[in-house]
Amino acid sequence: MVTSLDQSEPGASTLERATEVFRRRGGILRMADALREGVHRRTLYALRDAGRLETLARGLYRLADRPPLAHPDLVAVAIKVPRGVVCLVSALAFHELTAQIPHEVWVAVPRDSEPPRLDYPPVRPIRLGPAAYRAGVETHRLDGVEVKVYSPEKTLADCFKHRAAVGLDTALEAVRRYKAKGRIDAEAILRYAGICRVARVARPYLE
């Protein structure tokens, strides 16, 4: 059992010990993880009120003296939705395969999982079956946090699968941008399209 770092109003030493916990954990912690580390809620709130912590999302805190996050929404979703994989329009934006700026984070979750509930950032959950969920996952370290994102090839296949949601024009724009990058792996796209059961839909556009 972890003993809380403070029992009353937190003093300077308590705040410093709690700050060190954050530093050891990369500067970002969920409230639940901070509590498990022995940091009292009052200490979190005191650090926040003193401007030493910033709130990334409900129950997610980060040391305020760290450099600004380059991918705050993706980082927040990666921590708050551990089984989530960035997908579709958000993955296209990450791979620079669209000019769109997503106003929500598109995130794939297993079909049998509970839908993610975040106050912020807004998320667009996409439920996938086991094979489609597991295929093509890449792990990128963004702002010190491991974020799972589907590969460009798997993302293109997903866009054909979910063309009603993202728009066929978005999928075709992504294919053009992908080709312009000069590293074409049509075989991988068709393999993922087969897993997503849209190989017959995707093949004419790829050819």
Side-chain angles (χ1 to χ4, degrees), residues 19-34 36-37 39 44 47-48 51-110 113-128 132-159 162 166 170 173-174 177-178 180-181 183 185 188-189 192:
T19 300
E20 184 57 32
V21 170
F22 272 82
R23 295 197 191 285
R24 289 202 314 268
R25 296 291 297 272
I28 302 176
L29 276 176
R30 295 183 303 169
M31 176 179 284
D33 295 327
R36 278 193 288 270
E37 290 280 355
V39 180
L44 289 175
L47 288 170
R48 180 199 61 191
R52 295 171 63 175
L53 286 182
E54 60 180 346
T55 304
L56 296 182
R58 184 176 181 182
L60 182 61
Y61 300 94
R62 178 177 185 264
L63 291 176
D65 62 2
R66 292 299 179 93
L69 294 176
H71 304 275
D73 290 354
L74 298 188
V75 166
V77 169
I79 296 174
K80 297 284 285 185
V81 190
R83 300 180 71 188
V85 185
V86 177
C87 67
L88 293 170
V89 180
S90 293
L92 291 179
F94 177 77
H95 293 300
E96 299 181 340
L97 297 178
T98 182
Q100 295 185 44
I101 300 175
H103 298 295
E104 54 192 352
V105 179
W106 295 63
V107 58
V109 294
S113 66
E114 287 290 324
R117 297 182 178 88
L118 277 76
D119 294 332
Y120 188 86
V123 297
R124 178 86 172 265
I126 302 294
R127 293 178 177 276
L128 299 182
Y133 169 73
R134 291 193 300 265
V137 178
E138 298 179 344
T139 300
H140 297 267
R141 195 159 188 84
L142 307 179
D143 298 311
V145 175
E146 290 189 348
V147 179
K148 290 178 288 187
V149 185
Y150 284 122
S151 69
E153 293 77 16
K154 171 58 159 50
T155 300
L156 292 176
D158 282 339
C159 285
H162 299 276
V166 304
T170 296
E173 176 206 8
R177 287 175 174 258
Y178 176 80
K181 287 178 175 288
R183 46 184 175 82
D185 191 346
I189 299 172
Y192 291 129

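Note that the numbering runs from 1 along the sequence shown for the chain. A quick note: this is a predicted structure, and the numbers were derived from the prediction, not measured. The basis for the numbers below is simple: all heavy atoms, side chains too, and nothing from hydrogens, waters or symmetry mates.
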Just to verify, what does [X] make a salt bridge (Lys or Arg N to Asp or Glu O under 4.0 Å) with, not counting sequence neighbours?
X	answer
R52	E16
R127	none
E173	R177

Side chains of residues 86-97: which donor-acceptor partners sit under 3.5 Å, not counting sequence neighbours?
residue : atom : partner : partner atom : Å
S90     : OG   : E104    : O            : 3.4
S90     : OG   : W106    : N            : 2.9
H95     : NE2  : Y150    : O            : 2.7

So do the side chains of [X] and [Y] get within less than 4.5 Å of each other, counting heavy atoms only?
X	Y	value
L156	E153	no
R25	E37	yes
T19	L63	yes
H103	R124	no
V107	V85	no
F22	I28	no

Is a donor on one side and an acceptor on the other found under 3.5 Å between the side chain of [X] and the backbone of [Y]?
X	Y	value
Y61	L47	no
S113	V109	no
R141	G144	yes
K80	P121	no
K154	A132	yes

Identify, with sequence neighbours excluded, every residue that meets side-chain contact (heavy atoms from CB on, under 4.5 Å) alongside A64. none
How would you list, by chain and number, every residue that makes a side-chain contact (heavy atoms from CB on, under 4.5 Å) with R134, sequence neighbours excluded? P130
List the steps, then state whether salt bridge (Lys or Arg N to Asp or Glu O under 4.0 Å) holds for R23 with D65. CA-CA 11 Å; R23 295 197 191 285; D65 62 2; 2.8 Å; yes
Verify side-chain contact (heavy atoms from CB on, under 4.5 Å) between V147 and H71, making sure each step is shown before the conclusion. CA-CA 10 Å; V147 179; H71 304 275; over 6 Å; no
State, to 0.1 Å, how close T170 and V166 come at their nearest heavy-atom pair, and which atoms those are. OG1-O, 2.9 Å
If you look at every heavy atom in D143 and V75, which pair is closest and at what distance? OD2-CG2, 3.7 Å
Atom [atom1] in [X], atom [atom2] in [Y]: separation rounded to 0.5 Å?
X	Y	atom1	atom2	result
L128	D158	CG	CG	6.0 Å
D73	L56	CG	CG	9.5 Å
L53	L60	CG	CG	10.5 Å
E146	H140	CD	NE2	11.0 Å

Using a strict cut-off of less than 4.0 Å between a Lys/Arg side-chain nitrogen and an Asp/Glu carboxylate oxygen, indicate whether R66 and E54 qualify as a salt bridge. no
